[in-house]
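Have a look at the structure below, then the notes.
Note: hydrogens, waters and symmetry copies are ignored here, and every other heavy atom, side chains too, is used.
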Amino acid sequence: MKPFVVQRGSARRRQSEKPRPRSGVRVWREFELIDLIRRTAAGRGRGDCLGIGDDASAHLPEAGFLELVTADALVEGVHWDFAWCDAYTLGRKTAAVNLSDIAAMGGMPRRAHLVLALPPIAPLVQVTDFVRGLVAELKIHGARLVGGDTNVSPGPMLVSLTLQGVVPKSEMLCRRGARPGDRLMVTGDLGSAGAGLWALQHSRRPQRLRTYPVRRWRRPIPRLAEGRFLARSGRVHALMDLSDGLAGDLRRLCAASGVGARVQAGQLPLAPSTRRSAAARKRLPWLLALQGGEDYELLFAASPADVPVLANGLRRLGTPCTCVGEVLPAARGLSLVLPSGEIVPLPPGWEHNQTEGA
Ligand code: ADP
Ligand code: MG
C-alpha cells in the first residue's frame, strides 16, 4: 500500500506536545479491549474450532484448496490521519486492502488476525469503532476476526491485519503467467483514490469532503467477486491488484512473468472527477492513472480471443473493465504510447521511501 507523508503529522504532534485525553474520554485497557473485540467478532465461521480467547486460533484445513495468507500494516501519520477518515472507516479500509490481496489471487477470504499497537492515551471508543468497521467489512465478504495481539505504542498507532483465505488448487492466479500477445485489462477506473488523497491533504476541512475521489480513498472496494470470476473462468494468465499505481504494479507483473508491455495512455480509464483534479493541479490525467496509488482494482492478462467473454462476465457483476495495453516479449521492455502517438518509456511507479506521493 502506498503511504503518504503527513505535513501536519499527528505522530509528531503526539510526541512533542504530550496531549492528554479530553476529560471524560475513556482510554483503552488491554483486557477490557480484548473482551470487547471478542464480542464484536463473535460468530461461527466455516471450519473454525477456536477463535479469540486461547493462545492460538485453530481451524480445519479445507480439502482441495490452497491456503492464502497476506498481511498489511498501516501506520498513523504514514497511511492515514484521523482528520481524513473516522476510526470506523479506517477499520473497513484496513480489512478492504487485505481482502483485495485475496481477490488478487482469485481466492475467498476466511479468517483474520489483528495486531494493534496503540498509544496509551487512545480513546476506547476510537479503538472499538475501528474494530467494528474492520469486523463489518470482513463479514460482508465472508471472513471473521479470530485472533491477534494488542500492545502499547510509544509513538503513532499501528494496525496490522493478517488475512487467510483459500483458493481451489487448480484456480489460483499469480503475477506470473502473462504471455506476449495478451491484452492487459483493468477493472474500474484508475487514479481516483490518489486524487482523493490529494484533496484530503490540501483541504482545510478534510472531514467534510464527500466527493467521489475522496470516497474511493476512504472506502476501497475489494474486487472479490471479480477475482473469483476470473479465476473460475480458466481464461486468465496473470492477475494482481493495483495498490501502488499501474506503472509500478505492471512492472512487478511483467518481472514475475518475464515479459515486456506497452500501455496506451489514451485508453486508461479515468473518472470525470479525476480529470478535473488533474486539470486543477496542472497534471496530465493519464499520469494520475499511472502513478496514483490505492486504486485496489484488478489488473489481468488474457488472450485477445478471451477478452470479450471476460469483459461480459465482469459487466454482469456490475464492474466495467478496460484494455489498457498489451504484453510484449521481454526484449521490447516497458513503453507507453502517448495520446499523440509518440512512444516513450513507461514512467516510474511510486517507490516506497520516496518523500513525495503522486
Ligand atoms: P497471549 O498472551 O497468549 O498471546 P493475549 O492475552 O495477547 O494472548 O490474547 C488473548 C486472546 O485475545 C488471544 O486469543 C488473542 O488472539 C486475542 N487477541 C488479542 N488481541 C487481539 C486483537 N487486537 N484482535 C483480535 N484478537 C486479539
Ligand atoms: Mg499465550
TODO: For His79 and Lys93, run side-chain contact (heavy atoms from CB on, under 4.5 Å): C-alpha distance rounded to whole Å, both residues' side-chain angles, the deciding distance at 0.1 Å, then the answer.
DONE: CA-CA 11 Å; His79 295 100; Lys93 179 165 173 167; over 6 Å; no
TODO: Start with the C-alpha gap between Met105 and Leu66, add the side-chain angles, then the distance that decides, and say whether side-chain contact (heavy atoms from CB on, under 4.5 Å) holds.
DONE: CA-CA 11 Å; Met105 306 296 291; Leu66 290 169; over 6 Å; no
- [ ] Show the numbers, then the answer: is there a side-chain contact (heavy atoms from CB on, under 4.5 Å) between Thr211 and Trp217?
- [x] CA-CA 10 Å; Thr211 59; Trp217 183 84; over 6 Å; no
TODO: Tell me, with the steps shown, if Thr319 and Glu226 meet side chain to side chain donor-acceptor pair (under 3.5 Å).
DONE: CA-CA 8 Å; Thr319 305; Glu226 294 81 354; 2.5 Å; yes
TODO: Would you check, one step at a time, whether the test salt bridge (charged side-chain N to carboxylate O under 4.0 Å, His left out) holds for Arg223 with Glu297?
DONE: CA-CA 7 Å; Arg223 299 291 197 188; Glu297 295 294 349; 2.8 Å; yes
Open item on the list: Would Arg110 and Gln164 count as a side chain to side chain donor-acceptor pair (under 3.5 Å) here? Give the steps.
Closed with: CA-CA 6 Å; Arg110 289 289 194 249; Gln164 177 260 336; over 6 Å; no
- [ ] Please test Ser277 against Arg281 for side-chain contact (heavy atoms from CB on, under 4.5 Å), starting from the C-alpha separation and ending with a verdict.
- [x] CA-CA 6 Å; Ser277 168; Arg281 293 158 61 184; 3.8 Å; yes
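Trp286 places no side-chain N or O within donor-acceptor distance of the main-chain N or O of Gln267, the cut-off being under 3.5 Å. Formation of a donor-acceptor pair under 3.5 Å by the Gln291 side chain with backbone atoms of Pro348 is found in this model. Judged purely by atom type and a 3.5 angstrom limit, Ser257 has no side-chain atom pairing as donor or acceptor with the backbone of Cys254. A donor-acceptor pair is defined here as one N or O able to donate and one able to accept, closer than 3.5 Å; no such pair exists between the side chain of Asp244 and the backbone of Asp249. Side-chain N or O atoms of Arg210 include one that pairs as donor or acceptor with a backbone N or O of Gln207 at under 3.5 Å. No donor-acceptor distance shorter than 3.5 angstrom exists from the side chain of Arg144 to the backbone of Gly51, with no hydrogens or angles considered. In terms of modelled atom types and a separation under 3.5 Å, the side chain of Ser303 and the main chain of Asp306 share no donor-acceptor contact. Proximity of a side-chain donor or acceptor of Ser335 to a complementary backbone N or O of Ile343 within less than 3.5 Å is not detected. Side-chain atoms of Ser100 never come within 3.5 Å of backbone atoms of Val97 as a donor-acceptor pair (strictly under, hydrogens ignored).
Other residues, nucleotides and ligands contribute more than 12 heavy atoms inside 6.0 Å of the CG atom of Leu270. Annotation: Arg179, atom CZ; neighbour count of heavy atoms from other residues, nucleotides and ligands within 6.0 Å does not exceed 12.
With a 4.5 Å cut-off on side-chain heavy atoms, Phe300 and Leu253 do not count as touching. Arg111 has its side chain out of reach of Ser57: every pair of non-hydrogen atoms, C-beta onward, lies at least 4.5 Å apart. By the 4.5 Å heavy-atom criterion applied to side chains, Asp72 and Thr94 are not counted as neighbours. Using a 4.5 Å heavy-atom cutoff, the side chains of Cys49 and Leu60 are in contact. Proximity of Arg232 to Pro168: side-chain heavy atoms (C-beta onward) are nowhere separated by under 4.5 Å. Side-chain contact between Val263 and Leu268: present, with at least one pair of heavy atoms (C-beta onward) separated by less than 4.5 Å. Within the 4.5 Å cutoff, side-chain heavy atoms of Leu90 are placed close to those of Phe82. In this structure, the side chains of Val186 and Leu299 come closer than 4.5 Å at one or more pairs of heavy atoms.
For the atom pair CH2 (Trp28) and OG1 (Thr128), the distance works out to 13.0 Å, reported to the nearest 0.5 Å. Distance check, rounded to the nearest 0.5 Å: CG of Leu290 to CG of Leu346 gives 6.0 Å. To the nearest 0.5 Å, the span separating CH2 on Trp84 from CG on Leu197 amounts to 6.0 Å. Taken from CD in Glu32 to CG in Leu36, the straight-line distance is 6.0 Å, to the nearest 0.5 Å. To the nearest 0.5 Å, the span separating SG on Cys321 from CG on Leu298 amounts to 10.5 Å. In this structure, CZ in Arg38 is found 8.0 Å from CD1 in Ile52, a value given to the nearest 0.5 Å.
Looking at every heavy atom in both residues, Leu334 comes nearest to Arg251 through CD1-CG, 3.7 Å. Taking each heavy atom of Ala193 and Gly293 in turn, the nearest pair found is CB-O, 3.8 Å. Residues Ala238 and Gly177 approach most closely at CB-C, 4.1 Å, considering heavy atoms. The minimum heavy-atom distance between Thr322 and Pro269, with the atom names listed, is OG1-CB, 3.6 Å. Residues Ala178 and Ala301 approach most closely at CB-CB, 3.8 Å, considering heavy atoms. Among all heavy-atom pairs drawn from Leu224 and Gly107, the shortest one is CD2-O, 3.8 Å.
Note: the hydrophobic cluster containing Leu250 also contains Val324 (ILVMFWY, side chain heavy atoms under 4.5 Å, direct or indirect links). There is no path of hydrophobic side-chain contacts, each under 4.5 Å, that joins Leu116 to Val125. Residues Leu242 and Leu173 do not share a hydrophobic cluster, clusters being chains of Ile/Leu/Val/Met/Phe/Trp/Tyr side chains in contact below 4.5 Å. Linking ILVMFWY residues whenever their side-chain heavy atoms come closer than 4.5 Å, directly or via other members, leaves Val115 and Leu33 in distinct clusters. Both Leu239 and Val307 are assigned to one and the same hydrophobic cluster, defined by single-linkage of ILVMFWY side chains at heavy-atom distances under 4.5 Å.
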Return all side-chain donor-acceptor pairs below 3.5 angstrom for residues 129-136, not counting sequence neighbours, or 'none' if the list is empty.
{"from": "Asp129", "atom 1": "OD1", "to": "Arg132", "atom 2": "NH2", "distance (Å)": "3.2"}

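Under a 4.0 Å N-O distance rule, the pair Arg228/Glu171 qualifies as a salt bridge.
Considering only residues two or more places apart in sequence or on other chains, Arg262 meets the side-chain hydrogen bond (donor to acceptor under 3.5 Å, both in side chains) condition with Glu326.
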